[in-house]
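To start, the structure under review is shown below, and the notes come after it.
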Amino acid sequence: MDETAIKVKNLSKHFGSVTAVNDISFEVEKGEVFGFLGPNGAGKTTTINILCTLLVPGGGEAIVNGFNVLNQPNEVRRSIGIIFQDPSLDERLTAYENLDFHGMIYHLPSRIRKARIAEVLDMVGLSAKKDYIVRTFSGGMKRRLEIARGLMHSPKILFLDEPTTGLDPQTRQHIWDYIVSLSRDEKITVFLTTHYMDEAEICRRTAIIDHGKIVVLDTPAALKNKYGVSSLNEIFLKVTGRDIREEGSDEKERLGQFIRARKKLR
Amino acid sequence: MDFDAIRMIWLRDIIRHFRDKVRLLGSITRPVLWLLIMGTGLRAAFNMHGISYTHYIFPGIIAMNLIFSSMQSTISIIWDREFGFLREILVAPIPRSSIVLGKALSGATVAFIEGCFVLVFAPVIKINIPPVNLLLLLPLIFFIGFVCTTLGIVIAARMTSFEGFGVISNFVIMPMFFLSGAMFPIDNLPHWISFVIRINPLTYGVDLLRWDILGMKIFSFYVDFLFLLIFAFIMLGIGVFEFSKTN
């Protein structure tokens with residue numbers, strides 16, 4: 001059995017004249033927690049979108065759980081769970097409905113669906129809230145529900161794109177403890193991005209990407225040794241510089257613009 | 001065909017629809033306004049060869065509720081894109097064709113309910129629909145709602161903003177409605193208008209409804225039916241293509 005969960009070879013992606021990902025290569029081993037770090041607009045989300053089949057590679061190759069993202073997208077989709085950077089729950093539905101529908105499109109039979117829902121709700125501590133409309137949830141509860149949903153279909157590889165952004169320290173701690181236990185007990189491979197460098201310390205290995213290129217890739221300890229510093233944060237600033245980065249407006253920002261435009265009209 | 005996926009997308013839209021009370025209210029007031037106010041107001045101005053104007057526009061009002069409702073249903077596609085739920089669906093191991101078909105069926109179901117609601121007014125304006133015709137009317141309403149939804153899906157799939165959809169759907173819904181024979185007869189019109197009328201799917205939908213309800217028709221049943229069927233297939237094809245884009 002192959003021990004690689006993700007294999008990326010000479011991967012590139014361009015949007016018009018902008019190069020988002022520039023000829024990167026790396027491998028993620030089965031069961032490892034892999035940190036993918038970088039400033040805004042460095043190419044993290046583009047890479048994740050390619051790995052989870054939302055974008056096709058511009059060049060090079062990406063193999064996820066032994067399947068090529070280009071030719072076997074459905075096999076890849078079955079193997080992975082994703083917690084997106086921006087929320088992707090249906091806020092008009094209840095927590096239970098969100099999970100039930102997720103189970104349906106991952107083809108879990110209804111009996112197994114029921115059991116899994118109870119299991120994952122219990123894991124993230126939302127059992128008591130299962131019949132509440134998601135709109136009424138706090139940011140942390142929504143995140144926990146999304147994590148529960150991403151795990152519903154027992155994926156081999158879990159992608160987490162900034163899963164703890166905007167959460168309080170307690171919730172962040174809770175989520176990371178949980179992710180570590182997942183990789184340890186259930187042998188799930190975790191591929192994560194984060195802006196909190198202290199969180200990246202839990203990774204077995206981390207890569208730092210900037211301007212579409214991987215700048216460093218090693219275990220946190222080895223990196224600290226190499227750069228002679230005591231924290232990942234210092235390494236991060238050392239290799240990516242101190243300039244503040246621009247990024248295209250995200251969905252929430254665009255929605256905000258829309259609401260403001262509507263208000264002006266009235 | 002992935003029946004789990006079709007069922008999920010259908011069921012989700014139906015649940016959301018019935019939780020949205022404002023929209024339910026809109027579907028009720030729209031036909032009342034048009035049928036009772038416009039119908040009564042314009043009755044004197046139109047001479048419809050022995051048929052009352054309110055009777056004449058009755059099938060057109062059903063068609064109106066169908067097109068409004070199905071266009072409104074497809075806004076959910078833009079909504080889902082803005083709020084991220086579309087990605088949850090797109091990363092699931094389901095064929096894109098099932099996503100589009102699920103959307104078309106849920107839009108058609110909601111349109112069907114809103115279209116059938118207009119039938120409540122039949123006794124009010126004293127239209128008598130024989131049971132056999134009524135039985136045929138139900139699948140016709142569903143079918144026409146389905147066709148309208150496929151068009152809405154194609155528009156919504158290409159739109160990136162709510163504003164854009166509002167503009168386009170008004171730009172599409174209003175001309176489609178007025179140039180379909182819903183409100184006035186479409187013979188004796190200038191050449192260019194009759195061309196637009198002939199490529200408008202709603203023309204054939206209104207023709208089917210009017211044939212079934214009032215026994216009046218312009219085209220044969222087969223022309224109407226085939227035009228709508230082919231139109232829906234083309235729209236579904238474009239819709240699947242749009243949903244499969246990964247650039």
Side-chain angles (χ1 to χ4, degrees), chain A residues 13-15 48-58 69-70 72-94 97-98 100-110 113 133 146 149-150 153 159 250-252 254-255 257-259 261-262 265, chain B residues 1-24 73 75-103 106 159-167 242-247:
Chain A
K13 184 73 187 175
H14 308 271
F15 299 103
I48 286 197
N49 280 344
I50 291 173
L51 293 178
C52 67
T53 75
L54 284 178
L55 283 173
V56 290
V69 294
L70 198 58
Q72 299 159 294
N74 271 338
E75 284 80 0
V76 172
R77 289 170 189 147
R78 256 191 288 277
S79 321
I80 61 175
I82 307 140
I83 286 94
F84 293 105
Q85 188 175 342
D86 302 309
S88 65
L89 296 163
D90 186 333
E91 303 219 335
R92 309 282 178 112
L93 299 179
T94 65
E97 285 164 345
N98 266 288
D100 198 32
F101 284 152
H102 183 87
M104 263 188 221
I105 48 175
Y106 282 81
H107 307 101
L108 304 180
S110 99
R113 220 156 57 218
I133 302 279
E146 276 190 283
R149 189 181 65 179
H153 57 284
F159 288 93
D250 67 359
E251 270 125 40
K252 257 181 280 172
R254 262 188 282 132
L255 187 73
Q257 282 164 4
F258 164 67
I259 291 166
R262 283 283 293 261
L265 282 178
Chain B
M1 268 308 101
D2 185 330
F3 291 105
D4 283 340
I6 294 173
R7 190 170 122 232
M8 175 266 172
I9 286 165
W10 181 85
L11 192 60
R12 168 176 174 255
D13 281 350
I14 300 300
I15 290 177
R16 285 177 59 112
H17 176 74
F18 282 103
R19 284 193 188 147
D20 191 351
K21 302 286 182 290
V22 180
R23 222 192 118 179
L24 286 172
S73 292
I75 293 183
S76 70
I77 293 170
I78 303 171
W79 198 253
D80 285 349
R81 192 183 296 124
E82 290 283 321
F83 283 99
F85 191 78
L86 195 63
R87 270 174 309 179
E88 151 78 355
I89 293 173
L90 290 178
V91 294
I94 52 179
R96 313 291 101 155
S97 55
S98 302
I99 300 174
V100 174
L101 201 59
K103 278 278 166 205
S106 70
M159 285 289 127
T160 46
S161 68
F162 294 102
E163 302 96 312
F165 189 82
V167 172
E242 290 290 335
F243 271 86
S244 309
K245 272 189 191 164
T246 42
N247 282 310

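Letters A, B, ... mirror the listed sequences (proteins, then strands); counts begin at 1. The structure displayed is predicted, hence computed values, not measured ones.
Heavy atoms closer than 4.5 Å to chain B are found nowhere in A:E91, neither backbone nor side chain. Using a 4.5 Å cut-off between heavy atoms, B:R19 contacts chain A through its side chain alone, with no backbone atom that close. Both the backbone and the side chain of B:L90 come within contact range of chain A, with heavy atoms under 4.5 Å apart. Of the atoms belonging to A:I82, it is side-chain heavy atoms, and not backbone ones, that fall under 4.5 Å from chain B. Proximity to chain B is limited to the side chain of A:F84, based on heavy atoms less than 4.5 angstrom apart. Contact annotation for B:L11: both backbone and side-chain heavy atoms come within less than 4.5 Å of a heavy atom of chain A. If you measure heavy-atom distances from B:D2 to chain A, the contacts under 4.5 Å come from the side chain alone.
Checked by atom type and distance alone, the side chain of B:R81 pairs as donor or acceptor with a backbone atom of B:M159 at under 3.5 Å. Using a distance-only test at 3.5 Å, with no hydrogens or angles considered, a donor-acceptor pair links the side chain of A:E146 to the main chain of A:S88. Using modelled atom types, one side-chain atom of A:H153 and one backbone atom of A:I80 make a donor-acceptor pair closer than 3.5 Å.
Residues B:W79 and A:R92 have side chains in contact (heavy-atom distance under 4.5 Å, counting atoms from C-beta outward). Annotation: side chain of B:R16 is in contact with side chain of A:D90 (closest heavy-atom distance under 4.5 Å).
The pair A:R113-B:D4 does not count as a salt bridge, with every side-chain nitrogen at least 4.0 angstrom from each carboxylate oxygen.
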